[in-house]
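To start, the structure itself, in structure tokens.
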Amino acid sequence: MSEAHGTGANGPIVVLTGAGISKESGLDTFRDKGGIWEKVSIEEVATPEAFQANPERVQQFYNDRRRQLTQDRPEPNAGHTALARLAREWPGEVLVVTQNIDDLHERAGQDNLIHMHGELRKARCTDCAAVVAWDDDLAPATGCPHCDTGTLRPHVVWFGEMPFQMERIFDALQRCGLFISVGTSGSVYPAAGFVQEVLRGGRARTVELNLEPSDGSVLFHESRHGPASEVVPAFVDDLLAGRIEL
Ligand code: BJW
């Protein structure tokens with residue numbers, strides 16, 4: 001094995017993904033032209049206050065998106081499958097941290113995966129916090145199957161709520177040798193701050209793979225711009241062939 005190919009001794013590869021990686025599978029991004037936030041406002045559907053004020057509206061927003069996943073069955077694209085291949089073939093650890101609530105990474109075969117903003121095909125009890133697999137519509141009165149008192153809400157992270165598994169994510173960011181950001185505008189924290197966290201360690205390479213320069217583009221050592229279905233497989237090919245200096 002060549003030095004450049006690495007053995008994992010440099011620390012894990014951490015890949016952060018956002019809505020852009022699922023765009024070519026037919027799922028909308030948030031902030032692009034024609035994206036989700038042009039059709040509904042954050043204040044209407046993506047805060048705890050919105051859920052308190054109008055749970056039916058918020059449930060409807062997520063019911064529609066859940067049905068899109070379970071009934072239209074969008075397929076993982078070449079970006080997702082390239083990352084799954086990287087995890088299979090790279091000799092060290094590869095951790096994918098996704099902001100996406102769709103299930104396209106797992107359906108592409110990605111196993112070391114964190115859904116930091118939750119999962120659309122799960123629901124969570126507002127009382128006992130039990131998390132259950134959930135493919136049906138939710139209504140404000142849908143009861144928790146684990147306790148007598150609670151009702152279910154989408155298992156997602158709204159603005160003002162703490163994303164999941166932050167301790168594990170920051171531990172991996174501090175140890176990582178390569179950080180790759182794919183298909184995210186870099187406008188939502190804490191994910192937008194991950195590249196700075198990695199740079200603080202001073203030894204990891206940072207790469208952005210995105211349709212266009214993101215908000216934090218200047219913070220990356222290397223940027224490749226284009227659709228995820230093209231730039232991600234090409235970058236993974238280069239990495240596995242030892243053509244990327246680490
Ligand atoms: C392609 C492509 C193709 C297109 N190929 N690329 C002031 C300053 C700093 C922070 C704050 C602040 N005020 C409030 C905050 C915190 C707040 C925040 O960041 N607000 C900002 C608006 C400033 N954050 C929070 O509240 C978070 N919690 C938190 O901070 O807790 C405290 C904490 C403290 C310390 C440590 C840890 C925690 C929670 C954020 C929750 C976000 N929730 C959402 C909705 C729920 C999930 C859902 O419904 O799906 O998550 S918002 C939405 O944005 C969704 C996404 O995951 C998230 C990120 O969006 P993403 O993925 O980047 O999509 P886009 O559309 O923005 O970008 C797509 C990109 O793809 C573009 O660049 C395109 O060019 C590209 N692209 N096609 C490749 N084919």
Next item on the list: Give a yes or no on whether a salt bridge exists between Lys33 and Glu212, defined as a side-chain N under 4.0 angstrom from a carboxylate O.
Entry: no
Item checked: Path from Phe61 to Leu69 over hydrophobic side-chain contacts below 4.5 Å -> yes
Next item on the list: Identify which one of Asp72, Asp135, Asp137 satisfies the salt bridge (charged side-chain N to carboxylate O under 4.0 Å, His left out) criterion when paired with Arg67.
Entry: Asp137
Check: Would you say the side-chain atoms of Asn112 pair up with the backbone N or O of Val94, donor to acceptor, closer than 3.5 Å?
Finding: yes
Next item on the list: Give the cluster check for Val96 versus Leu239: same hydrophobic cluster or not, with ILVMFWY residues linked at side-chain heavy-atom distances below 4.5 Å.
Entry: yes
Notebook entry, point to check: In Å, rounded to the nearest 0.5 Å, how long is the span from NE2 of His80 to CD of Glu75?
Noted result: 11.0 Å
Item checked: Sub-4.5 Å side-chain heavy-atom contact between Glu49 and Glu43 -> no
Check: What do you reckon, is CG of Asp64 surrounded by more than 12 foreign heavy atoms closer than 6.0 Å?
Finding: yes
Item checked: Check against salt bridge (Lys or Arg N to Asp or Glu O under 4.0 Å), Arg85 and Asp237 -> CA-CA 10 Å; Arg85 174 176 169 237; Asp237 281 349; 2.7 Å; yes
Next item on the list: Treat each ILVMFWY residue as a node, draw an edge where side-chain heavy atoms are under 4.5 Å apart, and state whether Val58 and Ile101 are in one component.
Entry: yes
Check: Of all heavy-atom pairs between Asn77 and Ser25, which one has the smallest distance, and what is that distance?
Finding: ND2-OG, 3.1 Å
Next item on the list: Please determine, by modelled atom types, if Thr149 and Asp127 share a side-chain donor-acceptor pair under 3.5 angstrom.
Entry: yes
Notebook entry, point to check: Checking side chain to side chain donor-acceptor pair (under 3.5 Å) against Asp171, which of Gln174, Arg168, Arg175 comes through?
Noted result: Arg175
Note to self: To the nearest 0.5 Å, what is the distance between CD on Glu197 and CG on Leu173?
What the structure shows: 6.0 Å
Margin query: If you define the side chain from C-beta out and look only at heavy atoms, does anything of Met166 sit under 4.5 Å from Ile169?
Written below: yes
Notebook entry, point to check: Do the side chains of Asn63 and Leu138 get nearer than 4.5 Å, heavy atoms only?
Noted result: yes
Checklist line | Joint cluster assignment, Val156 & Phe164, ILVMFWY side-chain distance < 4.5 Å | finding: no
Notebook entry, point to check: Is the shortest side-chain N to carboxylate O distance from Asp238 to Arg224 below 4.0 Å?
Noted result: yes
Notebook entry, point to check: If you take all heavy atoms of Cys125 and Gly150, which pair is closest and at what distance?
Noted result: SG-CA, 3.6 Å
Check: Aromatic rings Phe194 and Phe179: how do their planes relate, parallel, tilted or perpendicular, breaks at 30° and 60°?
Finding: perpendicular
Next item on the list: Could you grab the distance from atom CG of Leu86 to atom CD1 of Ile180, nearest 0.5 Å is fine?
Entry: 6.0 Å
Checklist line | Other residues, nucleotides, ligands: >12 heavy atoms within 6.0 Å of Glu222 CD | finding: yes
Margin query: If you compare all heavy atoms of Ala84 against all heavy atoms of Gln110, which two are closest, and at what distance to 0.1 Å?
Written below: N-OE1, 3.2 Å
Note to self: I'd like to know if the side chain of Asn210 and the backbone of His225 have a donor-acceptor N/O pair within less than 3.5 Å.
What the structure shows: no
Notebook entry, point to check: Can you check whether Ser229's main-chain N or O pairs, donor with acceptor, with Glu24's side chain at less than 3.5 Å?
Noted result: yes
Next item on the list: Can you measure from OG (Ser214) to CZ (Arg31) and round to the nearest 0.5 angstrom?
Entry: 12.0 Å
Note to self: For Val14 versus Cys176, what's the shortest heavy-atom pair and its separation?
What the structure shows: CG2-CB, 3.7 Å
Item checked: Side chain to side chain, Ile42 and Phe30, heavy atoms closer than 4.5 Å -> no
Checklist line | Close side-chain approach of Val182 and Phe235, heavy atoms under 4.5 Å | finding: no
Checklist line | Option among Leu16, Thr17, Leu83 that satisfies the side chain to side chain contact (heavy atoms under 4.5 Å, CB included) test with Thr98 | finding: Thr17
Check: Backbone N or O of Gly160 within a donor-acceptor pair of the Trp158 side chain at under 3.5 Å?
Finding: no
Margin query: Quick one, Pro163 and Pro190 - any side-chain contact, counting heavy atoms below 4.5 Å?
Written below: yes
Check: Charged N to carboxylate O under 4.0 angstrom, Asp103 versus Arg66?
Finding: no
Check: Does any non-hydrogen side-chain atom of Leu27 lie less than 4.5 Å from one of Pro74?
Finding: yes
Item checked: Considering all heavy atoms, the nearest Asn10-Arg203 contact -> O-NH1, 3.2 Å
Check: Between the side chain of Thr126 and the main-chain N/O of Thr151, is any donor-acceptor distance below 3.5 Å?
Finding: yes
Next item on the list: Evaluate side chain to side chain contact (heavy atoms under 4.5 Å, CB included) for Gln99 paired with Met116, printing each intermediate quantity in order.
Entry: CA-CA 6 Å; Gln99 299 169 84; Met116 65 176 289; 4.1 Å; yes
Check: Taking a hydrophobic cluster as the set of Ile, Leu, Val, Met, Phe, Trp and Tyr residues connected by side-chain heavy atoms closer than 4.5 Å, whether directly or through intermediates, do Val131 and Met162 fall within one such cluster?
Finding: no
Checklist line | Exercise: identify the closest heavy-atom pair between Leu104 and Ser22 | finding: CD1-OG, 3.7 Å
Check: Is the side chain of Asp28 donor-acceptor paired with the backbone N or O of Gly35 at a distance under 3.5 Å, no angle test?
Finding: no
Margin query: Please report the interatomic distance CZ(Arg57) to OH(Tyr62), rounded to the nearest 0.5 Å.
Written below: 10.5 Å
Check: Between Gln68 and Arg65, is any side-chain donor less than 3.5 angstrom from a side-chain acceptor?
Finding: no
Note to self: When you compare the side chain of Ile244 with that of Arg205, does any pair of heavy atoms fall below 4.5 Å?
What the structure shows: yes
Checklist line | Glu161 (side chain) donor-acceptor with Pro48 (main chain) under 3.5 angstrom | finding: no
Check: Regarding Thr206 and His221, is there a side-chain donor-to-acceptor distance under 3.5 Å anywhere?
Finding: yes
Next item on the list: Enter the distance from His115:NE2 to His155:NE2 here, rounded to the nearest 0.5 Å.
Entry: 9.5 Å
Item checked: Polar side-chain atom of Arg121 near backbone of Thr70 as donor-acceptor pair, under 3.5 Å -> no
